Enquirer: 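Quick one: the structure is below, and I'll ask about it shortly.
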2 protein chains.
Amino acid sequence: MTGAVEQGDRKRRGRRAAGQDTRAALLTAARALFVERGYEGATVRAIAARAGVDAAMVNHWFGGKEALFGEAVLQLPVDPAAVVERVLDGPPERIGERIVRTFLGVWDDSGGGAFAALVRSVTAHDEVARVLQEFFLHTLFARVLASLDVDQADLRATLCATQVVGVGMVRYVLRFEPLVSAEVDTVVAAVAPTLQRYLLGDISAEPG
Amino acid sequence: MTGAVEQGDRKRRGRRAAGQDTRAALLTAARALFVERGYEGATVRAIAARAGVDAAMVNHWFGGKEALFGEAVLQLPVDPAAVVERVLDGPPERIGERIVRTFLGVWDDSGGGAFAALVRSVTAHDEVARVLQEFFLHTLFARVLASLDVDQADLRATLCATQVVGVGMVRYVLRFEPLVSAEVDTVVAAVAPTLQRYLLGDISAEPG
DNA sequence: ACCCGATCTCAACGCGCGTTGAAAACCTTT
DNA sequence: AAAGGTTTTCAACGCGCGTTGAGATCGGGT
């Protein structure tokens with residue numbers, strides 16, 4: 001019975017017990033580490049360690065780090081349909097406020113780390129900027145603007161992007177006070193009118 | 001004469017001719033590469049190659065990459081005094097316009113590469129964010145706001161930062177159209193009123 | 001004119017990265 | 001129960017990184 005005792009915690013070689021979805025575990029670990037450290041900072045070894053498997057599994061299941069990144073990043077932490085619905089649900093004259101509240105609601109939760117990592121990924125990896133543009137402009141603001149029926153929709157969308165992205169940069173990445181500690185209501189009061197004007201107001205040279 | 005011909009282009013060992021300021025050459029090369037590729041992308045070998053010297057010179061003159069970075073980055077590519085003067089030179093009711101024009105004037109020149117690299121450096125190196133905050137808020141906007149005499153100056157400064165940084169992100173890093181190709185006047189017309197309000201207008205909850 | 005220190009190249013070190021191939025352990029099929 | 005394919009760990013490779021020490025070369029002080 002006792003015979004030669006198995007070294008219990010020593011990782012045995014070969015196939016593990018069934019029911020362990022290594023692929024999914026790697027994807028989860030990769031998303032978390034990409035968010036924490038960005039593309040270059042999230043090493044294959046660290047991802048595999050967090051997933052509790054060997055680094056070679058990344059190549060076995062995805063073919064390489066690049067491909068794993070491709071699969072992991074494209075699953076954004078927000079549900080586009082829900083966001084659009086939340087933004088459009090209410091009177092048009094307060095849509096700016098709802099955008100700011102939704103934006104802060106999504107990113108404040110992670111303490112800003114998620115947004116910072118997204119920015120890090122954008123600068124390290126050109127493809128991410130394309131994906132973001134697709135999502136931000138075409139998926140989100142295109143629908144919002146379609147329901148508002150204004151001219152220069154594309155320009156208005158990018159202007160909204162400047163203000164929203166800017167708030168994210170200063171609040172989550174640069175961490176300039178007092179905006180980091182500012183209440184949501186304070187930010188809303190200041191920024192919402194800007195979005196309101198970009199979406200529905202006059203954005204051309206003001207007459208006299 | 002012909003004897004043993006010296007291999008002319010082969011780098012000779014030992015001390016070079018006098019008058020070659022290796023330290024300054026390294027600093028210049030480092031600034032250029034940090035701007036082009038960010039902190040992690042600017043390798044010691046590449047910096048030394050651009051300066052035309054060996055990589056070991058970085059350690060000899062600065063003690064390491066980190067210290068070289070510290071000296072190189074603190075010399076920003078803009079002259080604070082000139083910027084402040086240019087922004088303040090004119091009527092207060094058009095200060096928003098002057099800020100946007102100055103900002104685009106500084107960064108449009110490099111085709112956006114310099115701004116993108118700055119962002120890359122910020123996300124790769126926490127210290128840069130601190131330096132930027134010092135420069136942006138305390139050196140620039142503190143003086144601007146001091147001359148305007150308004151309440152909540154710190155909050156107003158960070159709000160301006162959100163809009164200005166946001167324009168830079170969308171125009172230079174994310175490259176969302178149509179803002180990338182937009183004329184300066186178009187951007188000014190849309191964004192200047194926002195800065196005008198952040199600096200001099202009402203940023204609290206609007207009365208009903 | 002000599003020497004000593006400052007300056008510079010070269011070769012190599014150790015590290016961590018992404019990746020690869022072989023061998024071990026497990027599961028499924030027959 | 002034997003066979004065969006799938007999953008997994010392990011060991012090692014090649015690369016580029018920042019850094020180091022030895023030695024060659026030049027310049028300035030005496």
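Protein chains get the first letters and strands the later ones, always in sequence-line order, with residue 1 at the start of each. Just so you know, these numbers use all the heavy atoms, side chains as well, and skip hydrogens, waters and symmetry mates. All figures in this text were calculated on a predicted structure; none of them were measured in a lab.
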Enquirer: Please give, in whole Å, the distance from C:dT20 P to A:F62 CZ?
Expert: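 Nearest whole value for this atom pair: 16 Å.
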Enquirer: With sequence neighbours excluded, what pairs up with A:A190 under the side-chain contact (heavy atoms from CB on, under 4.5 Å) test?
Expert: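 Applying side-chain contact (heavy atoms from CB on, under 4.5 Å) to A:A190 gives B:L159, B:I203.
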Enquirer: Output all residues satisfying side-chain hydrogen bond (donor to acceptor under 3.5 Å, both in side chains) with A:Q196, sequence neighbours left out; order by chain, then residue number.
Expert: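 Checked A:Q196 against side-chain hydrogen bond (donor to acceptor under 3.5 Å, both in side chains); zero matches.
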Enquirer: Just by modelled atom types, is the A:W61 backbone N or O under 3.5 Å from a matching donor or acceptor in the A:R23 side chain?
Expert: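 Indeed, once roles are kept as given, a pair shorter than 3.5 Å links the two residues.
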Enquirer: Is B:W61 close enough to C:dC8 that one of its side-chain N or O atoms is under 4.0 Å from OP1 or OP2 there?
Expert: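 For B:W61, the contact criterion (side-chain N or O under 4.0 Å from OP1 or OP2 of C:dC8) is met.
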Enquirer: Sequence neighbours left out, what passes ring-ring contact (aromatic ring centres under 6.0 Å, His included) with A:F62? Give chain and number order.
Expert: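 For A:F62, no residue satisfies ring-ring contact (aromatic ring centres under 6.0 Å, His included) once neighbours in sequence are set aside.
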Enquirer: Between C:dA24 atom P and A:H60 atom NE2, what is the distance in whole Å?
Expert: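 In whole Å, C:dA24 P lies 17 Å from A:H60 NE2.
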Enquirer: Mind calculating the distance between CG (A:D54) and C1' (C:dC26) to the nearest angstrom?
Expert: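 The answer, rounded to whole Å, is 17 Å.
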Enquirer: Indicate whether OP1 or OP2 belonging to D:dT7 is found under 4.0 Å from a side-chain N or O atom of A:T22.
Expert: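 So the side-chain polar atoms of A:T22 never come under 4.0 Å of the phosphate oxygens OP1 or OP2 of D:dT7.
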Enquirer: Between atom CE in A:M57 and atom C1' in D:dT9, what is the gap in whole Å?
Expert: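 After rounding, the gap between these two atoms is 8 Å.
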Enquirer: Of the options C:dC10, D:dT19, C:dC8, whose atoms approach the side-chain atoms of B:A56 most closely?
Expert: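 Out of C:dC10, D:dT19, C:dC8, the nucleotide with an atom closest to B:A56's side chain is C:dC10.
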Enquirer: State which residues pass side-chain contact (heavy atoms from CB on, under 4.5 Å) with B:V165; sequence neighbours excluded, sorted by chain then number.
Expert: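 With sequence neighbours excluded, B:V165 shows a side-chain contact (heavy atoms from CB on, under 4.5 Å) to A:M169, A:L174, B:M169, given in chain and number order.
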Enquirer: With DNA chain C as reference, determine whether B:R23 or A:A55 sits nearer its 5' end, using the nearest nucleotide of each.
Expert: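 The residue whose closest nucleotide sits nearer the 5' end is B:R23.
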Enquirer: For nucleotides 13-18 of chain C, read 5' to 3', which letter fits each nucleotide if B means a protein heavy atom sits under 4.0 Å from the base, S means only the sugar-phosphate is that close, and - means neither?
Expert: ----BB
Enquirer: Taking only residues two or more places apart in sequence or in another chain, which ones pass side-chain hydrogen bond (donor to acceptor under 3.5 Å, both in side chains) with B:Q152?
Expert: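 B:Q152 satisfies side-chain hydrogen bond (donor to acceptor under 3.5 Å, both in side chains) with no residue once adjacent residues are dropped.
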